[in-house]
Amino acid sequence: MKARVTAHARYSIAEIDKRLYGSFLEHLGRAVYTGIYEPDHPSADENGMRRDVIELVRDLDTPICRYPGGNFVSAYNWEDGIGPKEERPTRLDLAWHTSESNQVGIHEFADWAASANTEMMLAVNLGSRGLDAARNFVEYVNHPGGSYWSDLRKKNGRADPWDVRLWCLGNEMDGPWQVGHKSAAEYGHLANETAKALRAFDDRLELVVCGSSHSNMPTYPQWEATVLEETFEQVDYISLHMYFENYEKNPREYLALPEKLDRYIGTVGGVIDYVKAKKRAKNDVRISFDEWNVWYHERKNDAERMKSWGWPHAPALLEDIYNFEDVLQVGCILNTFIRRSDIVRIACIAQLVNVIAPIMTAPGGAAWRQTIYYPFQFASRHGRGTALQLDVDCPSYDADVASGVSYLDIAGVHDGDAGTLTFFAVNRNADEPMEIALSLEGFGSARSVEHTLIKHDDLEARNTEENPDTVKPVTQGGAELSDNKLTLTVPAHSYSMIRISL
Ligand code: AHR
């Protein structure tokens with residue numbers, strides 16, 4: 001199979017916001033306890049945080065981390081996580097039916113985020129609580145001093161405010177499973193009033209209002225229209241979520257799902273434009289795709305187990321073990337975000353450690369990279385700069401979810417400062433290798449090329465504690481560059497990163 005691709009310096013989509021490569025850590029399962037925090041672990045630092053995990057997160061290079069939920073945040077009292085640890089209450093977490101010891105709260109997470117070289121994106125509880133708890137939390141986190149909450153932060157050991165700019169106004173408030181679920185009108189009103197209060201405190205905050213939990217939600221996309229009509233002038237982003245499933249084990253259908261993601265983004269972009277025009281608004285609202293990932297491997301088992309497990313503390317939950325096929329999927333999802341980077345400014349892989357995550361840990365034992373760690377790391381590290389509008393000519397196939405699905409899924413990024421062009425390419429074809437002819441126009445002279453490949457003959461191949469390197473990238477020879485024309489052949493069902501120095 002052959003594909004012709006042209007990249008031209010003048011045809012660009014947008015400057016990519018580095019927060020497109022954000023992540024997410026929820027008080028859920030073992031994400032926090034025995035994930036990032038394990039005081040008895042041999043690698044624990046003075047705060048009880050696992051250094052081995054911090055290293056893997058630093059290596060992933062994720063610029064923001066959303067916290068503390070997720071569904072968890074909708075019944076969370078942020079004040080439970082401050083002050084002397086021995087005085088913090090154990091609470092029942094209604095979202096996941098577990099016990100929360102509150103040994104990690106905002107101070108511990110903030111210190112961890114600094115060590116892991118990532119910035120905080122925080123969520124307030126608009127489920128069981130509302131405006132007042134939200135404004136107090138923001139004051140605690142961001143006010144320099146001289147007020148009740150900021151002085152309490154100082155008393156609790158943190159003199160300087162953290163100055164967190166990015167705040168989520170609740171989580172998935174369209175979902176009937178959410179504690180404190182609301183109708184679009186109810187939530188829109190509450191989110192707008194909360195946003196006004198937070199802006200009265202600091203107009204520089206960036207606020208994210210909840211959109212739909214999935215494009216399959218019965219309220220989608222009217223939810224977006226109603227919520228934005230209430231909040232448009234007070235918010236900067238609307239949040240979308242999507243998880244990818246492969247219960248049928250059908251790679252053609254599975255790998256076509258990013259087309260659905262693309263439509264979802266396009267539709268919500270249309271709703272944003274409609275509401276902006278209707279309100280004669282001057283400001284822009286963009287998309288924060290702050291939960292996305294593959295989630296199905298353990299989902300049904302988890303739902304069964306949760307029915308009868310009481311209130312355990314930090315049980316194994318949502319511990320999907322990813323396979324090689326998921327590398328291809330995550331590559332296509334990230335490519336979709338790059339191609340939509342004009343409107344998707346923020347995106348967060350859900351989640352970061354142990355819970356549907358690129359990083360896994362064993363309590364008291366090792367930490368290792370899941371298969372999906374690599375495409376995420378490559379995009380995060382090398383997908384920064386200007387997203388390119390590529391011209392792609394390649395055979396396609398029809399799937400149930402979309403027609404005309406290109407066998408080659410490709411995105412390109414030009415980093416003018418570094419003098420590089422990077423292409424991320426997935427061959428969706430199960431049977432045939434793909435000969436790619438890539439023309440580079442208007443970038444000056446291309447000097448050298450490096451091709452990194454992720455390929456395994458078994459779609460089910462996984463990385464485990466015992467065999468952490470079953471699926472991993474290799475540097476590949478064979479790409480030829482001559483006169484700004486690149487040719488290379490990528491194997492059937494494979495992920496490639498192609499880096500060109502200019
Ligand atoms: O990431 C797991 C859960 O998925 C989150 O808590 C929730 O927001 C979503 O439904």
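As the structure lists them, so they are numbered: ligands from 1, and atoms in each ligand from 1.
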Visitor: Any N or O on Asn71 sitting closer than 3.5 Å to an N or O of ligand 1?
Guide: yes
Visitor: Please report which non-hydrogen protein atom sits nearest to atom 1 (O) of ligand 1, along with the residue it belongs to and the distance in Å to one decimal place.
Guide: Tyr243 OH, 2.7 Å
Visitor: Knowing that exactly one of Lys279, Lys278, Lys276 qualifies, which makes a salt bridge (charged side-chain N to carboxylate O under 4.0 Å, His left out) with Glu229?
Guide: Lys278
Visitor: Do Trp96 and ligand 1 have an N or O pair less than 3.5 Å apart?
Guide: no
Visitor: May I ask whether Val355 places a heavy atom under 4.0 Å from ligand 1?
Guide: no
Visitor: Does Lys300 count as lying over the ring of Tyr247, i.e. NZ or CZ under 6.0 Å from the six-ring centre, within 45 degrees of the axis?
Guide: yes
Visitor: Give the numbers and elements of all ligand 1 atoms closer than 4.0 Å to a heavy atom of Ile356.
Guide: 1 (O)
Visitor: Against the six-membered ring of Phe24, is Arg66 placed for a cation-pi contact (under 6.0 Å from the centre, within 45° of the normal)?
Guide: yes
Visitor: Report the residue from Tyr76, Phe109, Trp167 that forms a ring pair (Phe, Tyr, Trp, His ring centres under 6.0 Å) with Tyr67.
Guide: Phe109
Visitor: Near Glu172, which atoms of ligand 1 are under 4.0 Å from a heavy atom of that residue?
Guide: 7 (C), 8 (O), 9 (C), 10 (O)
Visitor: So, does Asn354 use its side chain to make a donor-acceptor pair with the main chain of Ala316 at under 3.5 Å?
Guide: no
Visitor: Output yes when Asp52 and Arg369 qualify as a salt bridge under the 4.0 Å nitrogen-oxygen rule, no when they do not.
Guide: no
Visitor: Please report whether ligand 1 has a polar contact with Trp177, defined as an N or O pair separated by less than 3.5 Å (distance criterion only).
Guide: no
Visitor: May I ask you to check if ligand 1 and Glu291 share an N or O to N or O distance below 3.5 Å?
Guide: yes
Visitor: Give the residue, atom name and distance (to 0.1 Å) of the protein heavy atom nearest atom 6 (O) of ligand 1.
Guide: Glu26 OE1, 2.6 Å
Visitor: Could you walk me through whether Asn171 and Asn71 pass the side-chain hydrogen bond (donor to acceptor under 3.5 Å, both in side chains) check?
Guide: CA-CA 6 Å; Asn171 174 73; Asn71 295 341; 3.3 Å; yes
Visitor: Please classify the Trp295 to ligand 1 contact at 4.0 Å (heavy-atom distances, strictly less than): side chain, backbone, both or neither.
Guide: side chain
